[in-house]
There are 2 protein chains.
Amino acid sequence: MPAPTRRDRLRAETLDEIKTVSLSQLREVGAAQLSLRAVAAALGMSPAGLYRYFDSRDALLTALITDAFDRLADAVERARDADPAADVADRLFAALAAYRRWAVEHPQEFGLIYGTPVPGYAAPPDGPTSVATRRVGGAFAPLFVEAWQQGRLRQPDEIAPDPALARYAAELHPGLPPAVAAAVLGVWTRLHGLVVFEAFGHLRWLGHDTAALAEQQLLLLLAEIGLRPGSGAG
Amino acid sequence: MPAPTRRDRLRAETLDEIKTVSLSQLREVGAAQLSLRAVAAALGMSPAGLYRYFDSRDALLTALITDAFDRLADAVERARDADPAADVADRLFAALAAYRRWAVEHPQEFGLIYGTPVPGYAAPPDGPTSVATRRVGGAFAPLFVEAWQQGRLRQPDEIAPDPALARYAAELHPGLPPAVAAAVLGVWTRLHGLVVFEAFGHLRWLGHDTAALAEQQLLLLLAEIGLRPGSGAG
DNA sequence: TCGCGATGTAAACACCGTTCGCTGCTTGGT
DNA sequence: ACCAAGCAGCGAACGGTGTTTACATCGCGA
């Protein structure tokens with residue numbers, strides 16, 4: 001591994017600058033209105049110069065997407081591990097709340113990663129976005145495994161065997177029952193529905209402050225799998 | 001009310017044609033890539049001509065949005081009322097499944113109405129999109145009221161009082177407990193999370209056929225409020 | 001020091017949404 | 001039956017976009 005030359009360093013800096021400026025533009029005007037020419041102008045560059053760093057506007061957006069995914073996953077993991085000694089129910093609640101909080105505070109970035117997909121485009125299963133998606137889900141999973149190991153995970157009476165679910169369970173933890181994997185998926189998707197509605201403004205007709213409502217829903221979500229935060233060991 | 005003149009009829013027909021062509025373009029290339037010039041060309045019109053029917057591209061998209069909302073609500077209501085004599089649990093399952101099915105079969109339209117919002121734009125509370133949103137939610141609500149009246153709705157032990165929730169409950173049915181309103185909102189948002197993930201391809205890493213998984217999740221969703229479809233009166 | 005590849009630029013291309021001024025045609029009233 | 005008014009539609013243009021191309025310039029390894 002050769003020492004990074006001066007030019008390499010400059011290139012890395014410029015690349016970072018481009019992403020920083022693009023991100024701030026994204027936050028202001030949204031992904032749809034993000035303009036390469038405006039980004040270039042803010043950098044004091046010509047529009048064509050950007051093409052030395054990104055093949056296309058889509059490539060730039062893809063980079064922003066994976067970065068945003070990472071920040072979301074970071075936020076969740078940080079909340080999850082803030083108090084490692086806390087009860088697993090409290091840690092899971094903190095993780096869910098962090099997911100919601102990040103989305104509400106960064107609606108543009110959340111929309112970028114979880115919003116309307118481009119019709120023709122299918123993310124390659126090994127591509128950066130797929131990896132990042134699984135990382136977010138993976139941030140929740142250990143807590144479910146832990147709660148299951150403690151015998152505190154309420155599981156549905158019957159669960160039809162599903163190959164995809166079985167594969168996912170095995171991937172999460174050896175010997176993990178598919179029902180636990182279903183719980184991970186279930187809580188994640190349900191959390192996501194609430195968060196999407198709130199972050200995208202589809203709950204605004206309910207009232208301006210939906211934070212209390214959201215927290216209530218999160219508690220109900222956990223109660224359904226038998227976990228009750230804030231009660232020592234609920 | 002004067003009889004519609006010939007010009008009125010032609011105008012209505014053209015307006016319909018514009019929306020039809022736009023919709024098919026939307027389904028092909030997505031909302032972001034929908035081009036007025038392409039729509040005009042497909043109609044054998046000049047681009048400027050479209051402006052006699054819609055003030056702007058956004059106005060056209062708004063019309064498409066409200067139409068899509070209506071079709072979604074139609075699909076849900078049709079499934080709900082397909083067998084009015086059926087048990088309420090079965091009818092609710094049918095309604096939820098219709099919501100999912102419509103989204104999966106029309107991802108572009110679903111994305112249009114529930115996807116990434118425009119950053120500056122806030123839908124006016126009395127605007128057509130807000131009305132349409134509530135109509136979709138309103139399609140589910142009567143079933144919850146019915147199940148509650150039959151005493152078959154499992155309610156969470158405790159539910160913190162929330163003014164927005166209380167207002168919503170009163171709006172749905174006089175004397176309805178806020179907990180039931182919370183159930184409506186809860187089931188709706190959770191269903192939505194599952195559907196968004198599936199329709200937007202965020203579950204594709206799980207496997208290609210997520211239909212079985214989705215149906216399973218719907219059943220779990222209903223089980224959580226005490227309803228079990230397909231069992232006479234579960 | 002030379003030469004090459006990387007960096008950046010200006011100009012152009014094709015497309016976009018939108019506006020403006022104009023031509024006909026439909027319509028309601030005389 | 002005719003005429004003025006309004007509506008539908010058009011071509012041309014404007015300012016914007018992403019992207020490509022040909023050309024200059026600079027940093028670096030040989």
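Letters A, B, ... mirror the listed sequences (proteins, then strands); counts begin at 1.
Without hydrogens or angle criteria, B:Arg80 side chain to B:Leu92 main chain gives no donor-acceptor distance under 3.5 Å. Between the B:His192 side chain and the B:Trp188 main chain, no donor and acceptor come within less than 3.5 Å of each other. With B:Arg57 contributing its side chain and B:Leu34 its backbone, the two residues share a donor-acceptor pair below 3.5 Å.
Residue-level contact check: B:Leu34 touches the backbone only, with heavy atoms under 4.0 Å from sugar-phosphate atoms and none from bases. Across all strands, A:Thr14 comes closer than 4.0 Å to no nucleic acid atom at all (heavy-atom distances). Counting non-hydrogen atoms under 4.0 angstrom, B:Phe54 reaches nothing in the nucleic acid. Contact annotation for B:Ser35: backbone-only contact, meaning every heavy-atom pair under 4.0 Å involves sugar-phosphate atoms and none involves a base.
Atom CG of A:Leu50 is separated from atom C1' of D:dT17 by 13 Å (rounded to the nearest Å). Following rounding to the nearest Å, B:Gln33 (CD) and D:dT17 (C1') show an atom-to-atom distance of 12 Å. Atom C1' of nucleotide C:dT27 and atom CZ of B:Arg9 are separated by 14 Å, given to the nearest angstrom. Rounded to whole Å, atom P of C:dG17 lies 10 Å from atom CG of B:Leu60. Put simply, CG on A:Leu43 is 15 Å from C1' on C:dT9, counting in whole angstrom units. The interatomic distance linking B:Asp58 (CG) with C:dT18 (C1') rounds to 12 Å, in whole Å. Between the CD atom of A:Glu13 and the P atom of C:dG8 there is a distance of 12 Å, given to the nearest Å. To the nearest angstrom, P of C:dC16 lies 18 Å from CG of A:Leu36.
Dashed line: the shortest gap from a side-chain N or O of A:Arg57 to OP1 or OP2 of D:dG18 is under 4.0 Å. Listed pair A:Tyr53 / C:dA6 fails the phosphate criterion, with no side-chain N or O lying under 4.0 Å from OP1 or OP2.
Nearest to the side chain of A:Ala48, among C:dA11, C:dT7, C:dT18, sits C:dA11. The side chain of B:Tyr51 has C:dG17 as its nearest neighbour among C:dG17, D:dC10, C:dA11. The A:Arg52 side chain lies nearest to C:dG8 when the options are C:dG8, C:dC22, D:dG11.
For the ring pair (Phe, Tyr, Trp, His ring centres under 6.0 Å) test with A:Tyr114, the passing option among B:Tyr114, B:Phe200, B:Phe197 is B:Phe197; the others fail.
For D:dG18, its base sits under 3.5 Å from the side chain of A:Arg37 at one donor and acceptor pair at least.
Under a cutoff of 6.0 Å and an axis angle of 45°, A:Arg11 and A:Tyr53 form a cation-pi pair.
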